[in-house]
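What follows is a set of notes on a single structure, which appears directly below.
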Amino acid sequence: MSLVLLSLAALCWGALPPEPTIQCGSENGPSPEWMVSHTLTPGDLRDLRVEPVKTTVAMEDDSILMNISWILRADASICFLKATKICVSGKSNVQSYSCVRCNYTEAFQTQTRPSGGKWAFSYTGFPVELNTLYFIGAHNIPNANMNEDSPSMSVNFTSPGCLDRVMKYKKQCIEAGDLWDPNITACKKDEKTVEVNFTTSPLGNKYMAIIQNKTVIGTSTLESPHQSNPTRASVVVLVTAESEGAVVQLTPYFHTCGYDCIRRKGTVVLCPQTGVSLPLDKSRSVLSGWLLLLPALLVATWVLAAGIYLLWRHERIKASFPASTRLPPIKVLVVYPPEMCFRHTVCDFTGFLQNHCRSEVILDKWQKKKIAEMGPVQWLTTQKKAADKVIFFLSSDMNTACDGTCGKSKGSPQEDSQDLFPLAFNLFCSDLRSQTHLHKYTVVCSTEADIRDEYSALSVCPKHCLMKEAAAFCTSLLPAEQHGPVGKGLWACHSSCSSL
Ligand SMILES: *[C@@H]1O[C@H](CO)[C@@H](O)[C@H](O)[C@H]1NC(C)=O
Ligand SMILES: *[C@@H]1O[C@H](CO)[C@@H](O)[C@H](O)[C@H]1NC(C)=O
Ligand SMILES: *[C@@H]1O[C@H](CO)[C@@H](O)[C@H](O)[C@H]1NC(C)=O
Ligand SMILES: *[C@@H]1O[C@H](CO)[C@@H](O)[C@H](O)[C@H]1NC(C)=O
Ligand SMILES: *[C@@H]1O[C@H](CO)[C@@H](O)[C@H](O)[C@H]1NC(C)=O
Ligand SMILES: *[C@@H]1O[C@H](CO)[C@@H](O)[C@H](O)[C@H]1NC(C)=O
């Protein structure tokens, strides 16, 4: 009986439609869906996460990849969901940008998985570099629903350095000795000597042991015959003060990083009391070791100084580098004339800002509720204050490029929302009169266009043409490159403002 039930159950399960999985491929350009209008679109993602993972399949130095996982919102719009597009831009020495598109193999029949729980997927790709800031943006296809609060979800992710448990497998880190476990043991043999034992690394054969409690109380270098297999090495260090409880630091010299490689630490403990006095041959070898060590000690002192300098410099570089890369995203308020196509032009542009220029975009369309609560002037003033940049987004071919979708959105949801462009322009004019916050303003044209007469005052602002100078435009948003007080065309502008 139970067998029959079981096989029935198996049949039923077999009859269920297959669960959607993902098929991902690179898609760096715009998705074909951008070109077509969709009356019904899926909502945005519920959650987006990134973590580095070590993979065995990829080539040696691409062995650390991002595991990007996302959760879909459990609402009815899920049945329009065809794909999710993920774009990653990285910022370290070089700027990188690439996108993948993950198609769902089946249409979603249910808002949650048949087994319960929300739909969740993950994609492993995009190589992770050390100490790099990444911006990961994801949006659903067809284009996100514009009545949602945010059309795409983004997270930032700063990859850790070699000390991380995953990143230490990067080739660079391995070569710097990050996988080296010297398993240091150090013990105080008597008032004057400390014995340090450690496992050597195949990466190098020169080591320096430093004993310090607050100041350096002894150093010793060891040059072991080069061995490809790790072996235990032993070095005796002469100390000038109480060594019990002091710290022993082992500084290796590897050809990839010189004296600037990873350093390992241990603690000096009392040696187990095996024999009361040292065996004769051992003490002799220790003595000859000292004699040999004297010239080495001089070198070591120099090397130590150099090492400390290098370390100090390294720390300084390390300290100053993340500070510049871990800046918060630039807050950008975008204002655009009402006749502009929202979905095809404004959305595209904000997507560009978010994905390429690591900006957080403030857009009236996404904050309709807030605008209704605060009133448009109050909202605009607050946002202008909060924003790092205010962009007047203009386009010459406003009406021609609009298709049915845009026309519709212009008729219905836009009618009830205020047109903020003239208000923003008035705010700009009063800033221009008082010469405040002017560095915040930028004009961006989607195509090569002249600023229309009625807004000619804007011509004092830095102007960028998206098609021609996208990269330069992104850099111009960075706070380091603030645009100084504007001078040119000031008078013309005054007159055109006051005529409003
Ligand atoms: C995903 O679907 C789009 C449109 O149907 C197609 O152009 C693309 O090649 C597909 N990508 C993959 C990886 O299957
Ligand atoms: C990626 O993350 C997801 C969600 O945390 C997990 O289920 C999946 O196993 C991870 N993939 C890899 C390759 O680690
Ligand atoms: C470290 O060294 C001690 C003593 O030599 C040994 O007992 C221990 O197993 C070693 N640990 C590792 C991880 O090699
Ligand atoms: C260090 O190694 C030597 C042999 O090389 C051994 O006699 C001694 O006990 C070791 N000391 C420690 C603290 O492990
Ligand atoms: C550190 O060294 C000083 C002498 O330089 C000594 O007086 C002190 O006891 C030592 N501290 C420890 C914790 O061993
Ligand atoms: C992005 O980075 C900024 C600062 O670098 C931080 O304040 C913010 O919490 C980060 N956002 C996410 C989603 O991690």
Side-chain angles (χ1 to χ4, degrees), residues 20-36 38 45-58 62-72 80-86 98-107 113 115 117-128 136 138 140-143 155 157 165-166 169 182-190 193-200 207 209 211 220 222 224 227 230-237 243-244 246 248 250 266-275 278-279 281-283 285-286 289:
T21 56
I22 46 170
Q23 264 176 4
C24 305
S26 111
E27 185 187 72
N28 285 322
S31 308
E33 283 81 0
W34 274 115
M35 319 302 171
V36 192
H38 303 274
L45 299 172
R46 187 167 183 279
D47 195 19
L48 180 66
R49 280 166 205 272
V50 182
E51 60 169 5
V53 288
K54 184 181 183 311
T55 54
T56 44
V57 280
D62 285 344
S63 60
I64 314 286
L65 301 175
M66 281 182 202
N67 181 7
I68 301 176
S69 49
W70 64 95
I71 297 175
L72 300 177
F80 309 116
L81 179 59
K82 283 170 61 185
T84 296
K85 184 161 175 172
I86 302 159
S98 59
C99 300
V100 292
R101 173 198 172 107
C102 293
N103 290 343
Y104 298 101
T105 52
E106 318 287 334
R113 329 190 103 149
S115 54
K118 302 208 164 56
W119 290 103
F121 298 90
S122 70
Y123 166 78
T124 304
F126 302 110
V128 182
I136 297 105
N140 284 332
I141 292 172
N143 331 344
V155 289
F157 163 64
R165 67 184 171 83
V166 174
Y169 293 104
N183 193 10
I184 301 170
T185 55
C187 70
K188 175 187 167 185
K189 277 193 110 74
D190 54 47
T193 53
V194 171
E195 185 184 47
V196 179
N197 289 5
F198 60 92
T199 308
T200 60
Y207 301 88
I211 314 282
S220 182
L222 175 90
S224 66
Q227 255 143 348
T231 48
R232 272 321 255 180
S234 184
V235 61
V236 168
V237 187
S243 60
E244 191 187 346
V248 51
L250 197 59
T267 309
V268 180
V269 296
L270 272 178
C271 286
Q273 293 291 308
T274 42
L278 293 166
D281 59 326
K282 223 179 186 179
S283 67
S285 80
V286 167

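Atom set for the values below is all heavy atoms of this structure, side chains included, hydrogens, waters and symmetry mates excluded. Counting convention: from 1, in listed order, for ligands and their atoms alike.
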Ligand-protein N/O pairs under 3.5 Å (ligand 2):
{"unit_1": "ligand 2", "atom_1": "2 (O)", "unit_2": "N67", "atom_2": "OD1", "d": "3.4"}
{"unit_1": "ligand 2", "atom_1": "2 (O)", "unit_2": "N67", "atom_2": "ND2", "d": "2.3"}
{"unit_1": "ligand 2", "atom_1": "11 (N)", "unit_2": "N67", "atom_2": "ND2", "d": "2.8"}
{"unit_1": "ligand 2", "atom_1": "14 (O)", "unit_2": "N67", "atom_2": "ND2", "d": "3.4"}

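A side-chain contact (heavy atoms from CB on, under 4.5 Å) with V194 is found for one member of S243, C271, C187 and no other, namely S243. The only option from V196, V248, V268 that meets the side-chain contact (heavy atoms from CB on, under 4.5 Å) definition with V237 turns out to be V196.
Remark: ligand 1 and E33 share no N or O pair separated by less than 3.5 Å (distance only, no angle test).
Near C187, the atoms of ligand 4 lying under 4.0 angstrom from a non-hydrogen atom of the residue are 13 (C). Taking every heavy atom of G25 and a limit of under 4.0 angstrom, the matching atoms of ligand 1 come to 13 (C). Each of the atoms 13 (C) of ligand 1 lies under 4.0 Å from some heavy atom of C24.
N197 and S234 are linked by a side-chain donor-acceptor pair at a separation below 3.5 angstrom, with hydrogens and angles left out of the test.
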Would V50 and F126 satisfy side-chain contact (heavy atoms from CB on, under 4.5 Å), going step by step from the backbone distance to the final call?
CA-CA 11 Å; V50 182; F126 302 110; over 6 Å; no
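K82 pairs by the salt bridge (charged side-chain N to carboxylate O under 4.0 Å, His left out) definition with E33, not counting sequence neighbours.
A parallel orientation is assigned to the rings of W119 and F121, their planes being inclined by less than 30° (bins at 30° and 60°).
Counting heavy-atom neighbours within 6.0 Å of R49 CZ, excluding the residue itself, gives a total of 12 or less.
Counting heavy atoms under 4.0 Å from ligand 1, residue K82 does not touch it at all. Only the side chain of E195 comes within contact range of ligand 4, with a heavy atom under 4.0 Å; no backbone atom does.
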